[in-house]
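In what follows, every chain begins at residue 1, and chains take the letters A, B, ... in the order their sequences are listed.
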2 protein chains.
Amino acid sequence: MKNFIILTITIIVSFQLLAQKEDSLMLRKIYDEVLVQGECYENLRSLCKDVGNRISGSKNAEKAVIWGEKLLQSYQFDTVFKQEVMVPRWVRGEKEKCTLVNGTNNIPLNTIALGGSISTNGIISANIIEVKSFDELEALNSEEVKGKIVFYNVPMEPKHIRTFNAYGGCYPYRSKGPSEAAKKGATATILRSLSLKLDNAPHTGTMSYEEGVNKIPCCAIGTLDAELLSKQLITNNNIKIELEMNCKTLDDVLSYNVIGQINGKTNPDKYIIVGGHLDSWDIGEGAHDDGAGIVHSIEVLRTLKKINYTPNNSLRVILYMNEENGNRGGEKYAELAKNNSEYHIAALESDRGGFVPRGFSMDGTPSQLEKLKSWKPLFIPYDIHYFVKGYGGVDISPLKNGQTSLIGLVPDSQRYFDFHHAPTDVFENVHKRELEMGAATMTSLIYLIDKYGFE
Amino acid sequence: MKNFIILTITIIVSFQLLAQKEDSLMLRKIYDEVLVQGECYENLRSLCKDVGNRISGSKNAEKAVIWGEKLLQSYQFDTVFKQEVMVPRWVRGEKEKCTLVNGTNNIPLNTIALGGSISTNGIISANIIEVKSFDELEALNSEEVKGKIVFYNVPMEPKHIRTFNAYGGCYPYRSKGPSEAAKKGATATILRSLSLKLDNAPHTGTMSYEEGVNKIPCCAIGTLDAELLSKQLITNNNIKIELEMNCKTLDDVLSYNVIGQINGKTNPDKYIIVGGHLDSWDIGEGAHDDGAGIVHSIEVLRTLKKINYTPNNSLRVILYMNEENGNRGGEKYAELAKNNSEYHIAALESDRGGFVPRGFSMDGTPSQLEKLKSWKPLFIPYDIHYFVKGYGGVDISPLKNGQTSLIGLVPDSQRYFDFHHAPTDVFENVHKRELEMGAATMTSLIYLIDKYGFE
């Protein structure tokens with residue numbers, strides 16, 4: 001009996017060691033393929049330069065759908081298909097104008113309408129009132145705010161090591177700042193751009209009007225212009241701003257999620273999905289946000305096919321439409337998956353830029369998280385060290401059902417908000433190897449999930 | 001007795017927890033100071049823009065010494081002093097010329113002399129022979145090489161995750177390639193720049209001639225030009241190169257290491273030192289290499305003083321002269337330390353760029369490495385995860401004595417060789433927060449070493 005137990009343990013340990021060795025070799029193969037023959041960087045160049053920025057409902061978004069479908073077809077996955085989805089259409093109109101009128105001195109400020117803003121209907125000329133928080137706004141009486149432009153000058157907190165936490169702290173000023181200011185009688189709002197960098201690139205992003213509250217136009221200016229405006233207000237609180245924007249919201253438009261699939265051998269009806277969002281804001285090139293996530297995700301399936309890996313489960317790459325101002329694509333995908341009773345093991349999303357990867361954050365059960373963490377040793381040679389409970393991603397969030405694990409790639413975040421939603425988010429600001437490291441890391445995780453599952 | 005043991009254990013554990021709490025608060029204080037009120041980024045701007053590049057023996061290196069001394073004095077450390085050191089002086093001369101002569105087509109190639117190269121003495125016009133390794137060169141007979149220019153076209157290996165390993169693989173072609181080619185009768189060498197990026201920035205770096213071997217001129221061209229030249233050689237191996245360079249080595253020059261010191265309270269005669277090298281190559285601005293290390297190291301002492309930390313041991317920041325082509329500063333420092341019987345607990349160097357930090361590599365005893373690793377949990381909130389046995393740094397290497405632990409900061413290496421020794425190594429390519437994260441990480445380590453030592 002004792003010998004039998006020893007034999008059994010020896011066999012089990014040997015198999016485990018063998019599996020570990022096999023996995024370790026497979027990860028090496030994956031990283032080699034992506035770092036030496038990877039196609040994600042050139043795919044990103046094409047998306048940025050041949051398509052360009054691509055807000056939902058635009059001509060460029062249509063082009064991006066065709067671009068994605070063609071690219072997926074070129075890789076000869078088992079299936080490539082689209083899902084119809086109605087998306088909002090917000091149009092910026094002609095170039096925005098924001099001028100600081102300070103007696104004799106007129107200073108033009110780089111400005112950008114927030115996504116969803118209404119037009120100014122001609123030129124708004126009004127005094128400015130600066131606030132550093134909602135508490136400060138709250139403390140003002142309506143007479144002080146009425147007819148003025150509220151200037152939210154709230155810098156992102158540099159103490160946060162992970163810059164998404166700093167973003168989270170300022171996000172409410174963009175999303176609900178206009179309605180909060182309108183409640184006090186403001187005529188418009190100007191936001192200090194959500195960036196840790198001091199420059200004059202204005203950063204847009206989505207906002208929404210609270211029902212029943214007067215809608216007022218809202219825009220953002222660069223961090224340096226915000227500092228300038230703030231300084232001028234110290235010596236002269238009679239400064240005026242002239243603001244002109246022609247943005248508007250049109251009728252919803254038909255668009256698509258684009259999907260490529262490799263069929264699973266053992267469980268073709270179980271899915272592991274990986275994706276990013278195909279739409280971007282209507283400035284720059286949507287390179288980090290989220291061109292990187294798109295080409296990362298495509299590279300996962302390309303790589304696994306290229307190294308002749310036959311998955312146990314069906315793998316899908318999903319190019320979601322309309323993350324930026326609606327998440328209609330993410331919602332549509334989840335709705336159809338539910339209607340079709342598709343069992344999803346895991347959903348992986350890349351939507352935090354094409355920077356060097358650090359690891360993954362998972363919205364899943366404790367046992368799924370333990371499983372994820374158990375793979376950490378395999379990633380150490382690649383300097384992937386971060387495996388934590390956390391958020392998955394916007395596009396995959398509608399899939400949350402207590403069983404499917406939602407996982408987000410976590411790249412290093414130090415540079416992300418330099419480019420996020422800004423004219424500087426262009427291909428040239430994405431680094432080839434950093435991008436590739438992200439794709440290889442995602443591919444490795446998908447391989448491990450496919451092999452071991454999350455049970 | 002049992003109660004006594006329990007009490008003792010409880011007291012020990014409580015003290016440990018208290019110390020851990022204290023350390024954790026101190027690290028938070030350090031990162032806060034550097035990320036919010038840090039001065040390293042503006043110091044780097046000044047070094048790059050007010051001084052510029054600063055090869056040993058040059059006017060700019062003199063300016064850099066004055067810059068460093070003034071800056072250290074401005075921080076009012078207990079002592080600021082200089083150490084005399086004689087340094088080599090190699091001068092590039094006028095702009096280099098390298099022309100690909102291909103029948104009717106003359107293509108100018110961006111070129112740069114390797115540091116230490118002799119002049120071409122007029123124009124060298126010769127055929128090219130391309131080799132992909134020393135083995136290939138070895139396999140050629142001298143008749144095939146004689147009178148020709150050997151073109152070392154050896155790309156850095158993209159499979160390496162840590163790019164310094166890829167650099168290590170190609171480094172010998174730069175350092176001893178010229179002498180190896182001369183042994184076969186070559187008239188000059190051209191090196192494919194040591195970079196993983198495809199562009200036309202040529203990268204210089206030091207080389208040395210083997211004694212007793214004919215000295216021949218040597219230069220580097222950008223990676224794209226290397227690809228171009230290689231392609232042209234496939235169809236036409238009668239291509240010529242015209243090469244003209246006026247570089248020369250002059251007499252040694254007096255220069256300095258610049259040192260700032262905060263005296264230790266408990267052990268003023270024990271030293272913990274931190275440094276980088278003040279010299280750079282004579283192109284670009286020496287921003288990552290090693291302006292970053294200089295301002296990192298200064299920031300360590302500035303921060304500890306600013307937060308009113310009184311060190312147990314004496315802390316020194318050392319701006320070494322002449323790392324790039326001689327390491328005379330590092331050797332001089334070690335020589336004087338030995339002559340003065342100075343006990344050095346640890347030496348920390350930053351000379352791998354100003355990118356986001358990953359951790360440290362240590363050249364020390366196993367017990368020192370264990371101690372280093374025991375601090376890892378304190379660094380986890382800052383995404384510092386890499387604590388390994390490895391190289392310290394060139395400047396501190398002469399201090400190696402089996403007792404002083406030599407430690408190198410390890411930043412992320414993906415982008416380093418895009419800029420290394422190239423005209424692109426300028427201030428604009430250093431990211432403020434990435435630089436600051438490095439400085440805060442180094443400061444934290446110096447604090448821990450000062451508090452706990454390496455015994």
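Here the CD1-CD1 distance, from B:I161 to A:I380, works out to 12.5 Å after rounding to the nearest 0.5 Å.
Closest heavy-atom contact between A:V36 and B:P158: CG2-CG, 4.0 Å.
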Distance-only check: which donor-acceptor pairs of chain A and chain B lie under 3.5 Å?
residue, atom, partner, partner atom, Å
A:R28, NH2, B:K159, O, 2.7
A:P158, O, B:R433, NH1, 2.8
A:K159, O, B:R28, NH2, 2.8
A:H160, O, B:R433, NH2, 2.7
A:R162, NE, B:D383, OD1, 3.3
A:R162, NE, B:D383, OD2, 3.1
A:R162, NH2, B:D383, OD1, 2.4
A:R358, NH1, B:D383, O, 3.0
A:D383, O, B:R358, NH1, 3.0
A:D383, OD1, B:R162, NE, 3.3
A:D383, OD1, B:R162, NH2, 2.4
A:D383, OD2, B:R162, NE, 3.2
A:Q414, OE1, B:R433, NE, 2.7
A:Q414, OE1, B:R433, NH2, 3.2
A:R415, NH1, B:E434, OE2, 3.4
A:D418, OD2, B:H431, NE2, 2.7
A:H431, NE2, B:D418, OD2, 2.7
A:R433, NE, B:Q414, OE1, 2.8
A:R433, NH1, B:P158, O, 2.8
A:R433, NH2, B:H160, O, 2.7
A:R433, NH2, B:Q414, OE1, 3.1
A:E434, OE2, B:R415, NH1, 3.4

